[in-house]
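Below: one structure, written as structure tokens.
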Amino acid sequence: MIKKALLTGALLVTTTSPVIAELSGNVTLTTDYVFRGYSQTDNQIALQGGLDYAHESGFYIGTWASNIDSNFFSGTATDPQLELDVYAGFSSETSGGIGYDVGILHYDYPGYSKSDTNELYVSLSYEGFSASLNYSDELAFVGSTESAYYVAGGYEFSLPQDFSVSVNVGYSGGDAFDGGTNAAFSDSYVDWNIALSKSMGGVDFAL
């Protein structure tokens with residue numbers, strides 16, 4: 001998942017020496033909440049925020065929320081207006097500089113629990129390159145009772161004047177995309193993203 005942070009802040013919880021844990025928060029204002037190629041706010045503004053706790057062992061836990069107005073829910077009796085995610089995992093880095101991250105993510109939609117979805121994820125990173133895989137045995141947030149996976153890869157590089165560019169490509173596949181009786185889509189699909197970013201005065205801007 002790629003969240004475009006326009007406003008960020010952090011609060012550190014430390015002891016004497018060494019640092020054993022970190023508590024960080026973030027707030028984002030974005031013109032559109034796009035997730036895996038689809039707008040979750042009907043191409044409208046989204047206000048988002050999250051809170052994360054990370055231990056020096058590599059264990060972390062966090063939560064993230066955003067307003068939504070997704071076409072997946074339009075016309076339903078209880079159209080949800082909020083997405084609330086909770087996740088936990090473990091991340092570290094090998095001696096060769098390869099970063100890895102494994103965990104579980106729960107998507108919760110207050111007032112519309114039948115769309116709540118669990119995903120397992122794993123990702124690898126090396127220098128500016130990254131690759132990830134998400135898997136769910138029931139992709140309920142798109143209205144499917146079938147399993148699905150999302151595989152993605154990306155590269156980020158720096159430019160002069162503290163600008164950076166990121167390029168990402170993702171592929172959504174699995175039984176939820178085969179066009180069957182319980183599928184949400186008629187076929188699998190590819191989404192892509194190119195972003196230009198810059199940090200100024202403690203605020204991250206992305207286009």
Pair [X]-[Y], side-chain donor/acceptor within less than 3.5 Å:
X: Ser188; Y: Tyr171; answer: yes
X: Ser166; Y: Glu156; answer: no
X: Ser199; Y: Asp204; answer: yes

Any link between [X] and [Y] through a network of hydrophobic side chains (Ile, Leu, Val, Met, Phe, Trp, Tyr) touching at under 4.5 Å?
X: Leu196; Y: Val169; result: yes
X: Tyr149; Y: Val102; result: yes
X: Phe177; Y: Leu120; result: no

Could you check whether the rings of Tyr189 and Tyr38 sit parallel, tilted or perpendicular, using 30° and 60° as the cut-offs?
perpendicular
Give me the ring orientation class for Tyr33 and Trp64: parallel if the planes are under 30° apart, tilted from 30 to 60°, perpendicular past 60°.
perpendicular
Is [Y] close to [X] at the side-chain level, that is, under 4.5 Å between some pair of heavy atoms?
X: Tyr150; Y: Leu139; answer: no
X: Leu159; Y: Val165; answer: yes
X: Tyr100; Y: Val122; answer: no

So, applying side-chain hydrogen bond (donor to acceptor under 3.5 Å, both in side chains) with Glu119, which one of Tyr135, Tyr107, Tyr87 is it?
Tyr107
Would Ser91 and Tyr60 count as a side-chain contact (heavy atoms from CB on, under 4.5 Å) here? Give the steps.
CA-CA 8 Å; Ser91 64; Tyr60 63 87; 4.0 Å; yes
My understanding is that only residues two or more places apart in sequence, or in another chain, count here; which of them pass ring-ring contact (aromatic ring centres under 6.0 Å, His included) with Tyr155?
Phe129, Phe157
Apart from Leu84 itself, its cluster of hydrophobic side chains linked below 4.5 Å comprises none
Holding to side chain to side chain contact (heavy atoms under 4.5 Å, CB included), I want the full list of residues that pass it with Asn67, two or more places apart in sequence or in another chain.
Thr41, Ala46, Leu47
Between Thr117 and Phe141, is there a donor-acceptor pair closer than 3.5 Å when you use the side chain of the first and the backbone of the second?
yes
How far does CD of Glu93 sit from CG of Asp101, to the nearest 0.5 angstrom?
12.5 Å
